[in-house]
Each structure stands twice: as structure tokens, then as C-alpha cells.
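Okay, so here's the structure we're looking at.
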Amino acid sequence: MPGIPLRNGGPAARIAVIPGDGIGAEVTPQAVNVLRAVTAPARRPLEFVEFDWSAEKYLREGVSLPPRAVEMLRDEFDAILFGALGDPRVPSNRHAADILLGLRFKLDLYVNARPVELLHDRLTPLRDRTEKDIRLMVFRENTEGLYVGVGGFFKKGTPDEIAVQEDVNSRKGVERIIRYAFEYARQNGLKRVCMSDKSNAMNFAHDLWQRVFKEARQEYVSIDSRHLYIDTLAMEIVRDPSQFDVIVTCNLFGDIISDLGAQLAGGLGLAPSANIHPGKTSLFEPVHGSAPHIAGKGVANPFGSVLSSAMMLEFLGWKPEAAALRTAVRAALRENHVTPDLGGEKRTVEVGDWLAIKSVEALAHQR
Ligand code: ATP
């Protein structure tokens, strides 16, 4: 995918690594190995500091996100490489909410960028679709909507129970994600931006989305902007994904539509994402969760984490290295050097080692 805006364009950076739970703890070290290999030739390679925030720590010490962790990440690190959180031993998922939602909200990471890109024709379940048809970016609003946790119960546990979950949309929040989508399209020469909502049913919250979108599109007249209701978008993206370059939508719809997109491009094992506040410490993570039932077996696909690392490199201004990671993943797919979820027989570590070597080769080849 075309690049995302740089944090500072400088070559040196400090990365906080949070592998987390389940397969997060298996794929993240592979991504770090690949990053170390591909940035090693640089004069000031990346510096990695690992944090053990996870279900294990939460169960052992009762600590999810430690005090002052947010300030430390904000002030001392340029980016965060995140694995996944979720463990059956913490059914409430309290630690995951504290850590991941805590970082998204407190670092104000308002852009959730989830590219949907088919990297090999054989991976899509759509008949007769090829790489050129499936190449789009989903921007999900990442700090508001139904995820803010505002709501409550009334008469809980009785037959008359009422549960309320508020959908919070601020003008500032809606405006900055819509403008980011237009700006991304403009800067990357992409011609089409689609805003998706459910304003026919959500006639207050998404009326705001409509009004902000109509204002913003007037400033981007060279971009073909359109609106689709989320149900129509779900149909259209399956019927003909080639009609989309950039999609922008709210927190909940972005979550759903980007998982749908991930399946069109080969499944969750391959899907990367970035949680960005332009110019500030931002977080990069595979779209997949901790996948407890395959955790510990050594078969998790590291591509999602490695492709998220490529997004991180771009954010930090390491463009050739980011391109090298993507070249290596494409080569692995071509040569079927892949884990079982993609029909291969390789183990997570074998794929990671192979990607490290191929990324370095790809970088040397570019020069
Ligand atoms: P969580 O609740 O933390 O989101 P989950 O198991 O419900 O975890 P995911 O981890 O997102 O959901 O994945 C759903 C399924 O997709 C997994 O159980 C697994 O079969 C498959 N999957 C996801 N990521 C990978 C991966 N990296 N490698 C292989 N299979 C994967």
C-alpha cells in the first residue's frame, strides 16, 4: 500500500515491543528478528525494548497497564509493536481492555489504518479476482463510537433489565478521521474515497458524519467521493472490491468491514494494521487476536505482524526497508514458504527466519 505519513522522517527510533498473549507472543519475536535484520546495515539501527504486559502478568501481579506506562511510551518511544491480547484464564478480558483500548484512547491514536491488499491471487475466496482488484485502505475511527464504554444497566439480572451502550461521536473526532482519509488519498494519488455510515437509522450520530463528510469533500474536488450505507458497503466490497481505494468509517463498522476485507485478501493471518496519531508515538499490530486454540503450537502465521512492522517502518521513514519486508512476504507466498493456515507446512520460526534472510536480500537488491 502507499505510505502513511512520517512521524519525524529521522532514521533512528526506539520501539516498545508488547508481544502480549497467545500467538501474539509467537509472531512478535519473528517480526522483531526481521526488523533487526533489515535495519542492521543502517548507521543507527532501531532500538527495541520489550514489555511483558499480558494475561500472565495480570494474573500474577494484578497489573494490566502499569502506572505511568502511557507517559513513558509517549515520551520515550517512537512506536509500539504490539502482538495480541486475550486469554481464556481472564474471561472478562479486563487486561486487554486496559492495555489496548487504554493505549488507543490515552495516546489518542485516532486513525486505525487497515490495508486490504491481495498479495497472491490464490489467496482470495472470490472467483476470478486478482491482485489488481483487491487493494484498498480502510480507515476506522479509533477513539470514539461504541468503544468508549459509556452506558449502564438498569434492573440488571431481572426480567425487566435494560442495557444501554452509548455511541459517542464528536465533531472533532469525526472531522479528523474523514480529513485524514481524504488527505491520505490526495497524497498517494488515489482517486476514490467512500464514507460509510448508517445515517438512515442512526439519525443523530451519523447525521454528524454526513454533515462533516459533505463539508470535507468540497475541499477535495479532484477526488471522487461517495457515501454508502454500511450494509450496502458490505455487499459491494464482496461483489466488486476493485471499486474502492479508500474507505472511512466509524469504530464499530471499521472493525467489521476490515475483518471482511482481511478474508478477501487471504485471512486474518496476513492482515496488518496501524493505530496512528500523526506525528506522535503510534502503535502497530496484526489484525488477528491471540487465537488461543492454536497458541503454543508454533504454527501461527507471522505475516500480519511482519506487514504491520512494514507499516511501522514507513511511519518512521524507513521506506526501502518497509518495501523489502513486503517483497519478502510476497516471495514467501509465491514459493509457498508459509504456515498451515495458508496451506503450507512451515512453522512460525521457519517462516520468520526465512523472511529475515529474504528481506535483507530484497534490500540489497533495491540498492
Ligand atoms: P481474540 O479473542 O484475541 O481476538 P480469537 O481466537 O477470537 O482471539 P483471532 O485470534 O482473531 O480470534 O483469530 C480467529 C482465528 O483465525 C484463530 O482461531 C485462528 O484459527 C485464525 N488465525 C488468526 N490469526 C492467525 C495467525 N496469525 N495464524 C494462523 N491462524 C490465525
Side-chain angles (χ1 to χ4, degrees), residues 18-34 53-59 64 81-104 112 114-117 119-120 123-125 138 140 142 147 251-252 254-273 275 283-311 325 328-329 332-333 336-355:
I18 308 173
D21 301 328
I23 64 168
E26 296 176 55
V27 296
T28 312
Q30 299 311 313
V32 172
N33 283 346
V34 176
W53 307 336
S54 59
E56 197 58 49
K57 187 179 179 75
Y58 180 66
L59 290 167
S64 51
L81 182 64
F82 193 88
L85 288 171
D87 187 306
R89 294 172 300 165
V90 188
S92 66
N93 241 358
R94 169 72 201 277
H95 70 301
D98 285 357
I99 299 171
L100 186 55
L101 292 184
L103 291 179
R104 282 181 182 166
N112 193 336
R114 296 187 165 194
V116 174
E117 186 175 13
L119 296 176
H120 195 289
L123 294 175
T124 185
V138 178
R140 163 189 179 188
N142 211 26
Y147 288 70
N251 207 335
L252 179 66
D255 187 16
I256 298 167
I257 214 76
S258 57
D259 269 24
L260 191 159
Q263 287 306 325
L264 301 186
L268 279 177
L270 278 150
S273 80
N275 299 257
L283 183 152
F284 300 80
E285 56 169 339
V287 169
H288 66 74
S290 59
H293 78 267
I294 60 162
K297 298 187 176 150
V299 294
N301 183 349
F303 288 169
S305 188
V306 171
L307 292 169
S308 304
S309 304
M311 294 179 86
L325 260 56
V329 171
L333 288 165
N336 209 28
H337 203 96
V338 297
T339 44
D341 58 307
L342 297 180
E345 292 171 351
K346 301 296 177 199
R347 301 182 63 76
T348 311
V349 176
E350 291 175 286
V351 176
D353 288 347
W354 196 88
L355 289 177

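Counting starts at 1 for both ligands and their atoms, following the listed order.
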Would you mind running through ligand 1 and noting each atom that sits below 4.0 Å from a heavy atom of [X]?
| X | value |
| --- | --- |
| I23 | 24 (N), 25 (C), 26 (C), 27 (N) |
| G269 | 25 (C), 26 (C), 27 (N) |
| P292 | 6 (O) |

salt_bridge(D255, R114) N-O dist < 4.0 Å: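 Salt bridge between D255 and R114, a charged N being under 4.0 Å from a carboxylate O: yes.
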
Considering only the protein, which heavy-atom contact is closest to [atom], and what is its distance?
| atom | result |
| --- | --- |
| atom 6 (O) of ligand 1 | A291 CA, 3.2 Å |
| atom 4 (O) of ligand 1 | G289 CA, 3.4 Å |
| atom 31 (C) of ligand 1 | I294 CD1, 4.0 Å |
| atom 15 (C) of ligand 1 | L268 CD1, 4.6 Å |

At the 4.0 Å heavy-atom cut-off, does [X] count as touching ligand 1?
| X | value |
| --- | --- |
| V27 | no |
| V287 | no |
| G304 | no |

Ligand 1 versus D341: contacting region, heavy-atom distance under 4.0 Å: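 Answer for D341: side chain.
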
Proximity to ligand 1 by part of D21, non-hydrogen separation under 4.0 Å: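 No part of D21 comes within reach of ligand 1.
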
Sub-4.0 Å protein heavy atom near atom 25 (C) of ligand 1: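 Within 4.0 Å of atom 25 (C) of ligand 1, protein heavy atoms are found.
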
